[in-house]
Number of protein chains: 2
Amino acid sequence: MTTPFAIRRLHAADPDFARHLDHLLSWESVSDDAVNGRVLEIIKAVRERGDEALVEFTQRFDGVQATTMAELILPRERLELALTRISSEQREALEKAAERVRIYHERQKQDSWTYTEADGTVLGQQVTPLDRAGLYVPGGKAAYPSSVLMNAIPAKVAGVPEVVMVVPTPKGELNELVLAAACVAGVDRVFTIGGAQAVAALAYGTESVPPVDKIVGPGNIYVATAKRHVFGQVGIDMIAGPSEILVVCDGGTDPDWIAMDLFSQAEHDEDAQSILVSPDAAFLDRVAESIERLLPTMERAEIIRTSLQARGALILVEDMTQAMAVANRIAPEHLELSVAEPERWLPAIRHAGAIFMGRYTAEALGDYCAGPNHVLPTSGTARFSSPLGVYDFQKRSSIIHCSAEGASGLGKVASVLSRGESLTAHARSAEYRIKA
Amino acid sequence: MTTPFAIRRLHAADPDFARHLDHLLSWESVSDDAVNGRVLEIIKAVRERGDEALVEFTQRFDGVQATTMAELILPRERLELALTRISSEQREALEKAAERVRIYHERQKQDSWTYTEADGTVLGQQVTPLDRAGLYVPGGKAAYPSSVLMNAIPAKVAGVPEVVMVVPTPKGELNELVLAAACVAGVDRVFTIGGAQAVAALAYGTESVPPVDKIVGPGNIYVATAKRHVFGQVGIDMIAGPSEILVVCDGGTDPDWIAMDLFSQAEHDEDAQSILVSPDAAFLDRVAESIERLLPTMERAEIIRTSLQARGALILVEDMTQAMAVANRIAPEHLELSVAEPERWLPAIRHAGAIFMGRYTAEALGDYCAGPNHVLPTSGTARFSSPLGVYDFQKRSSIIHCSAEGASGLGKVASVLSRGESLTAHARSAEYRIKA
């Protein structure tokens, strides 16, 4: 049924290794003029015609029969109903996961602070939540209840008073697990709309959809393109690339476990990337054997095979120090340190979205319920960005309250510097506050 | 010499007030296909030909005679020389400002944290600085030493090992104050390049310019467009719109002071926005009179006049509660609460980049030396974004270290949820860790 398959092998001692690794990691998202044009038209229509345009696009793109926006709104009671329709095992799992995610994210909450200087001048930072956040949830097969928890809970922990969710329902099909997750996560309102039209509605508002301050959540190319276009009007989260895992193993973990960890990333889609690094050549052989043996038993075997063939690799390194260098070069979204003493290597990790330490910490545990967020920086952007968190739903305002004495002293400094920049209104404004 | 001039007056009780205010605030940055095309060509050339292209563009656009990159590098000693070439008054002002900015930003530094659960599972967040930051500084007339301090100091406080600065030198002209500020702020290397070519060099690296992880700092339309294009390859700060001030005054501040505070914003450029809100109609008249009287005495009178005429306003409100509502609608970059008890109104402010409290706290003090950053969210983006800070040069990695017992319990939850999403490799990866 399946063709023979061997995953790519790289050797860090190869003089061409850096070039091979660069090639393996290279990923550029294609910007498509046709998609751009259609998205811009949709945004324009929603800004100009509001609900009317939203209903039209939803009929056309989602095959939904609704003729008014009222039919595209799910009240909170509908979410509560969903919670009764899923199995009690599923409900318990959702509630357990939500509780752990909430507890972890509570630690990220930032508070306002001030300090007072000797002359009575007060400086500080006021931290406030966004007024309203919008959560995009894909419909159909890629509908992930875990993603609802991971996006909505940090917003609620931040204190955002209103979290609005949009989710398309292709041919009218509702996903009860997604609605149940929205209920558990505390989502306030749900609109069954999707695509660029839903992003436009959240950004600019319509008669029925309230405008939000930030839009988060994954989506297809139309959704991602629309988010790029409305950025500035509202905040957005990262535009995610394909998901990736880097497993660093000292050779002491069951090779079947490692193979399955690599599969768990590869099964997402054909562009996902799974890489294993080890200083133990014999162990790499054993993992390769596990991959060949286990692959035919997987429900998503074809996706996994394509992904591993196109973007997967087993990399042999000299030692753990070199493994850390490879990890920092990759700056992976998910990093498993499947080694004996993971805490020993933690300080050497400079760039990673999430670090899964020890042989027991499968990435899948973090994807669903360990507590930390599963929305993580991809494609090496962990070099400069962070997991989605409570801090993404809070913002800061600087506070400056000068005493008369403080203003007089600072006025002299500001006067010198602003005149050095030829900004004399700045200088005179400061000089008014200097005591005679 | 100057034509008679009266600043726009609005009245919050006017039934059309909301519409007038929307119109006054409306601002859309124009995306220009010609600029986009030229920027994309420049980025491509720098990626392909590195230093050679950089030198060519610098000759062409900056009128600089250099023929090699070596001539476009300023060693640290050159920055130290600049510090001896400015006046001692300027040096003291720079050092005083830098010290205050450093002390304030130290408070923003975030630390790593972990907590341990009953079964031994450890969860947390590792906070690390970027490896390398790039600072764009405009050349020529808009060269602001204060901007060097405000962008470089948070990076150094965050612990960024290397801060690289680029600054164009049109016709070879160096700005000693800017170089002195770079010295005081701890900038590590300076390249005298600018424009889209400098942004491309920082993003992708050349033989001489090291690639950075994030690019910050203001620039013209070419620089802003280039930053948008390299986003994803590197992090960028906000793309700033025109600067704005909203002054809320109870009528008790000297109207000349308020007029000058409005001027200090308007003198930046013709698109800058200065708005005053007060419940005291007679006071608004007095400020209008101050504006007319003081305007002809200003060095930048024509810029101020154009800015106030196009985008300025004096707004009469019913009371301070209504003033707060107007402030939150505007979400201003700079908010002066020039009132008797500013702390009373602070909790009512939901959105502002920086809040200047009391009659003595001129915005100009914050622009230069109070301590907080002067890089602030513009055009209403304070609804969802924050001042530039140490947090922009740090990033977080989630830490998950499950004990055997913890992984077993979490594995059961992850198994149920991942099977609900049809991700069975996730499920099997988690199930391997469930104890028999």
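Within every chain, numbering begins at 1; the chains are lettered A, B, ... in the order of the sequence lines, protein sequences first and strands thereafter.
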Closest-packed option against chain A by number of heavy-atom pairs under 4.5 Å, given [options]:
{"options": "Ala364(B), Ser398(B), Ser415(B)", "result": "Ser398(B)"}
{"options": "Gln394(B), Arg419(B), Arg359(B)", "result": "Arg359(B)"}
{"options": "Ser385(B), Pro145(B), Gly389(B), Gly232(B)", "result": "Pro145(B)"}
{"options": "Ala352(B), Ala430(B), Gly406(B)", "result": "Ala352(B)"}
{"options": "His426(B), Met260(B), Gln90(B)", "result": "His426(B)"}
{"options": "Thr381(B), Asp392(B), Val234(B), Thr128(B)", "result": "Val234(B)"}

Heavy-atom proximity to chain B below 4.5 Å, by part of [X]:
{"X": "Ile103(A)", "result": "both"}
{"X": "Pro342(A)", "result": "side chain"}
{"X": "Ala382(A)", "result": "backbone"}
{"X": "Gln125(A)", "result": "both"}
{"X": "Leu262(A)", "result": "neither"}
{"X": "Ser422(A)", "result": "both"}
{"X": "Val212(A)", "result": "backbone"}

Q.
Could you work out, with salt bridge (charged side-chain N to carboxylate O under 4.0 Å, His left out) as the rule, every residue matching Asp261(A), not counting sequence neighbours?
A.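 Arg433(B).
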Q: Pick one of side chain, backbone, both or neither for Leu94(B), based on which atoms fall under 4.5 Å of a heavy atom in chain A.
A: both
Q: Counting only heavy atoms closer than 4.5 Å, note whether Ser112(B) contacts chain A via side chain, backbone, both or neither.
A: neither
Chain B contacts, top residue of [options] (heavy-atom pairs, under 4.5 Å):
{"options": "Gly353(A), Ser403(A), Gly358(A)", "answer": "Gly353(A)"}
{"options": "Gly409(A), Pro129(A), Gly124(A), Ala181(A)", "answer": "Gly124(A)"}
{"options": "Gly411(A), Gly380(A), Ala362(A)", "answer": "Ala362(A)"}
{"options": "Glu363(A), Lys214(A), Gln233(A), Glu92(A)", "answer": "Gln233(A)"}
{"options": "Pro377(A), Pro347(A), Ala93(A)", "answer": "Ala93(A)"}
{"options": "Val413(A), Thr378(A), Leu376(A)", "answer": "Val413(A)"}

Shortest non-hydrogen separation from [X] to [Y] and the atoms involved:
{"X": "Leu177(B)", "Y": "Gly420(A)", "value": "CD1-O, 3.7 Å"}
{"X": "Leu365(A)", "Y": "Ala414(B)", "value": "CD2-CB, 4.1 Å"}
{"X": "Tyr432(A)", "Y": "Asp256(B)", "value": "CE1-O, 3.5 Å"}
{"X": "Ala370(B)", "Y": "Ile400(A)", "value": "CB-CG2, 3.8 Å"}
{"X": "Gln108(B)", "Y": "Trp113(A)", "value": "CG-CZ2, 3.9 Å"}
{"X": "Cys402(A)", "Y": "Thr361(B)", "value": "N-OG1, 2.8 Å"}

Q) Could Arg107(B) and Tyr115(A) be counted as a cation-pi pair, given that NZ or CZ must be under 6.0 Å from the ring centre and within 45° of the axis? A)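 Yes, Arg107(B) and Tyr115(A) form such a contact.
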Check the side chains of [Y] and [X] for a donor-acceptor pair under 3.5 angstrom, ignoring hydrogens and angles.
{"X": "His351(B)", "Y": "Asp213(A)", "result": "no"}
{"X": "Glu405(A)", "Y": "Tyr360(B)", "result": "no"}
{"X": "Ser397(A)", "Y": "Arg350(B)", "result": "no"}
{"X": "Glu421(A)", "Y": "Ser146(B)", "result": "yes"}

Q: Begin with the C-alpha distance, continue with both residues' side-chain angles, and end with the deciding distance and a verdict on side chain to side chain contact (heavy atoms under 4.5 Å, CB included) for Arg300(A) and Leu423(B).
A: CA-CA 8 Å; Arg300(A) 297 186 174 224; Leu423(B) 293 176; 3.6 Å; yes
Gap between atom [atom2] of [Y] and atom [atom1] of [X] - 0.5 Å precision:
{"X": "Phe384(B)", "Y": "Asp131(A)", "atom1": "CZ", "atom2": "CG", "result": "12.5 Å"}
{"X": "Glu343(A)", "Y": "Ile399(B)", "atom1": "CD", "atom2": "CD1", "result": "11.0 Å"}
{"X": "Leu417(B)", "Y": "Asp367(A)", "atom1": "CG", "atom2": "CG", "result": "11.0 Å"}
{"X": "Arg428(B)", "Y": "Trp257(A)", "atom1": "CZ", "atom2": "CH2", "result": "14.5 Å"}

**Q.** Candidate pair Leu346(A) and Gln126(B), rule side chain to side chain contact (heavy atoms under 4.5 Å, CB included), full reasoning
**A.** CA-CA 9 Å; Leu346(A) 191 58; Gln126(B) 176 159 288; 3.2 Å; yes
Q. Checking Arg383(A) side chain against Gly235(B) main chain: does a donor-acceptor pair fall under 3.5 Å?
A.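 Judged by distance alone, no pair lies under 3.5 Å.
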Q. For the side chain of Glu267(B) and the backbone of Ala425(A), is there at least one donor-acceptor N/O pair under 3.5 Å apart?
A. yes
Q | Full working for side chain to side chain contact (heavy atoms under 4.5 Å, CB included) between Arg396(A) and Tyr391(B) | A | CA-CA 11 Å; Arg396(A) 310 164 181 92; Tyr391(B) 34 79; 3.3 Å; yes
Q) So, do Phe263(A) and Ser429(B) sit near enough that their side-chain heavy atoms are less than 4.5 Å apart? A) no
Q: Starting from the C-alpha separation in whole Å, work towards a yes-or-no answer on side chain to side chain contact (heavy atoms under 4.5 Å, CB included) for Leu410(B) and Lys96(A).
A: CA-CA 9 Å; Leu410(B) 291 177; Lys96(A) 178 81 178 163; 5.6 Å; no
Q) Salt bridge or not for Glu89(A) and Lys412(B), using N-O below 4.0 Å? A)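 Salt bridge between Glu89(A) and Lys412(B), a charged N being under 4.0 Å from a carboxylate O: no.
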Q.
Can you tell me if Tyr104(B) has over 12 outside heavy atoms packed within less than 6.0 Å of its OH?
A.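 More than 12 heavy atoms, drawn from other residues, nucleotides or ligands, come within 6.0 Å of this atom.
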